[in-house]
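Below you'll find the structure I mean.
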Amino acid sequence: MYFCGPERHIFNYRFMIRKKVREILDGEATGTEVLVKGWVRTHRNSKNVSFIALNDGSTIRNLQVVADVNHFSGELLGEINTGAALSVTGILAASAGSGQAVELVAREIVLLGGADPENFPMQPKKHSLEFLRENAHLRFRTNTFGAIFRIRHAMAFAIHDYFNRRGFYYLHTPIITASDAEGAGQMFRVTTLDALQPPLTEEGKVDFSADFFGRPTNLTVSGQLEGELGATALGEIYTFGPTFRAENSNTTRHLAEFWMIEPEMAFYDLKDNMDLAEDFLKSLIRYALDHCSEDLAFLATRLREEEKGKPREQQSMDLIEKLKFVADNEFVRLTYTEAIDILRNSNHYKKKKFQFPVEWGVDLQSEHERYLVENHFRKPVILINYPKEIKAFYMKQNDDGKTVAAMDVLFPQIGEIIGGSQREEDYDKLVARMEEMHIPVEEMWWYLDTRRYGTVPHSGFGLGFERFILFITGMGNIRDVIAFPRTPRNAEF
RNA sequence: UCCCUAGUAGCUCAGUUGGUUAGAGCGGCGGACUGUUAAUCCGUAGGUCGUAGGUUCAAGUCCUACCUGGGGAGCCA
């Protein structure tokens with residue numbers, strides 16, 4: 001650690017209040033003495049002065065620190081490389097250069113931590129997202145990932161704020177669960193048994209009664225069922241927690257560990273559910289536009305640069321325009337049956353451009369959803385009333401005997417961003433459906449009790465947080481909107 | 001899991017139908033210049049061409065397997 005300048009400045013350094021770069025650039029008066037701490041983005045030497053771009057994460061903008069080369073040792077200046085951490089005190093001044101309004105004229109610089117330029121991987125240049133993913137521990141130090149994670153934070157905060165203002169309670173549903181009845185995909189086993197020599201039953205099977213919980217347990221794939229228990233007493237609840245799927249999915253839209261928001265509301269029917277989902281998404285987008293404009297502007301520019309080489313029809317809408325468009329326009333609402341009709345009457349269908357068949361009863365493929373959202377309506381779509389055969393057991397059975405009160409919110413590029421439904425509140429119908437679908441009814445006694453005692457119409461949905469952040473930031477790969485992505489064969493960091 | 005595609009210097013990439021000592025820009029290092037803006041200019045070091053086999057007089061280049069990344073599909077949020 002190097003201290004430069006007279007001792008009295010060390011005294012100042014210790015007792016001054018540190019300012020964030022954001023505060024300073026947003027209007028700290030010139031002429032005042034300030035203390036900042038942060039990381040060096042670039043360092044340029046000049047004959048008499050040395051320029052240091054300092055970033056402390058509070059904003060995407062850097063503070064230009066100007067150091068008189070005659071005032072600081074060459075040894076210190078030589079260690080101020082990209083990535084180094086500094087503490088700087090100085091006088092804020094109107095900038096003599098043209099790139100910024102104010103700059104910090106350094107009086108004292110303390111090297112808190114150096115960064116060996118021969119080994120520090122983050123260079124002051126454009127890195128590929130693949131390279132940064134392999135250096136996920138350091139990618140926070142780039143403009144792009146700084147912006148993404150500030151926005152991700154803002155969105156998490158806005159979600160809590162949205163629900164809190166509307167009287168929803170934040171319910172913490174369990175991460176470890178013994179039920180695998182949801183059928184929402186492959187689960188991760190949680191066990192303390194010896195993997196090589198587990199205790200065996202007389203039949204030679206693994207004896208889970210000797211396991212920690214005395215039964216097989218897994219990581220949760222959804223907090224919904226427990227959420228319903230909360231909603232049928234507290235009224236409106238939401239969960240916001242990690243979710244785990246052990247599916248071997250290798251796509252830009254899937255993670256083995258992701259975060260999901262699942263509101264569950266008593267006395268809401270499907271229409272109320274749709275209204276909430278639409279208002280919820282629009283409110284979050286407006287929050288981002290209002291509170292993350294600098295970071296969004298940076299990401300918008302980044303996206304435009306990235307797509308420069310693409311033909312015009314493949315370029316996406318300007319990020320900020322896209323967000324405003326979704327926030328300001330009604331989502332299209334239609335039934336599954338209507339969607340099938342539209343698809344079958346489309347020129348796309350007549351020219352046999354769909355790879356998969358379109359007929360009532362089969363699940364819509366990505367290509368069908370994308371056609372509806374990106375070609376036909378050109379705006380977000382809420383599809384409702386799907387055939388019961390392709391949806392989960394807990395969804396409310398409609399009077400037609402064929403469909404359930406499901407709703408999927410489809411976004412351009414992302415696909416299904418929200419999946420939800422009105423829940424079946426009738427005990428007999430629910431049990432009948434569970435038996436049809438071979439769901440172990442006895443194990444679910446606690447869930448069924450909500451229908452046995454004071455059952456009410458209720459609804460809910462799940463929003464994939466990372467998919468939403470993908471939409472907000474305009475990023476293309478879900479691995480770039482979570483700090484440390486977990487995907488098949490990847491659990492580094 | 002399936003299909004396509006890629007793996008060459010620290011990073012981003014070029015490398016012609018297989019043919020001598022594998023190139024560039026950026027970054028690093030050394031120097032020059034300079035209130036600079038991912039500064040500029042000059043010089044310099046740095047590569048068993050993903051791994052293992054194979055074909056061939058000869059393989060970065062062709063073939064096979066595997067590993068890893070990317071794109072698409074399925075599953076889904």
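In what follows, chains are A, B, ... by sequence order, proteins preceding strands, each numbered from 1. This is a predicted model, so every value here is computed, not measured.
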Tell whether A/Ser249 reaches the base of B/C76 with its side chain through a donor-acceptor pair below 3.5 angstrom. no
Thinking salt bridges, do A/Asp408 and A/Lys391 make one under a 4.0 Å N-O criterion? yes
Quick check: any donor-acceptor pair below 3.5 Å linking the side-chain of A/Gln100 to the base of B/U36? yes
Is there a donor on the side chain of A/Asn250 or the base of B/U1 sitting less than 3.5 Å from an acceptor on the other? yes
Between B/A77 atom P and A/Phe244 atom CZ, what is the distance in whole Å? 16 Å
Using modelled atom types only, decide if a donor and an acceptor are shared between the side chain of A/Asn273 and the backbone of A/Gly460 within a distance under 3.5 Å. yes
So if I define the base as every atom that isn't primed, P, OP1 or OP2, how would nucleotides 6-13 of chain B read as a B/S/- string at a heavy-atom cutoff under 4.0 Å? ----BBS-
Measure from the ring centre of A/Phe258 to the centre of the six-membered ring in the base of B/A77, then say whether that distance is under 5.5 Å and the planes meet at under 30°. yes
Per nearest nucleotide of RNA chain B, the residue lying toward the 5' end, A/Pro117 or A/Ser46, is A/Pro117
When rounded to whole Å, the CD to C1' distance for the pair A/Glu247 and B/C2 reads 15 Å
Length of the line joining A/Asn248:CG and B/C76:C1', which is rounded to integer Å: 14 Å
Distance between the C1' atoms of B/G60 and B/U1, in whole angstroms? 32 Å
Protein-nucleotide distance (A/Glu262, atom CD; B/A77, atom C1'), rounded to Å: 9 Å
When the distance from CZ of A/Arg44 to P of B/A38 is rounded to whole Å, what number comes out? 7 Å
Polar pair under 3.5 Å, donor/acceptor by atom type, side chain A/Gln355, base B/G72: no
Atom CZ of A/Phe356 to atom C1' of B/C75: distance rounded to whole Å? 12 Å
A/Asn45 has an atom CG; how far is it from atom C1' of B/A38, in whole Å? 15 Å
What is the distance from CG of A/Asn490 to P of B/G69, rounded to the nearest Å? 6 Å
For the pair A/Thr487 and A/His254, evaluate side chain to side chain donor-acceptor pair (under 3.5 Å) and give the outcome as yes or no after the intermediate values. CA-CA 8 Å; A/Thr487 54; A/His254 290 85; over 6 Å; no
On a whole-Å scale, what distance lies between the P atoms belonging to B/C57 and B/U51? 25 Å
hbond_proxy A/Arg489 side chain to B/C67 base (donor-acceptor, 3.5 Å cutoff): no
With a 3.5 Å cut-off and no angle check, do the side chains of A/Ser222 and A/Glu262 form a donor-acceptor pair? yes
Pairs counted as Watson-Crick or G-U wobble with both distances under 3.5 Å: what dot-bracket string results for RNA chain B, using | for bases tied to another strand? (((((((..((((.....[...)))).(((((.......))))).....(((((..]....))))))))))))....
Return the set of residues passing ring pair (Phe, Tyr, Trp, His ring centres under 6.0 Å) with A/Phe331 (not counting sequence neighbours), or none when no residue passes. A/Phe411
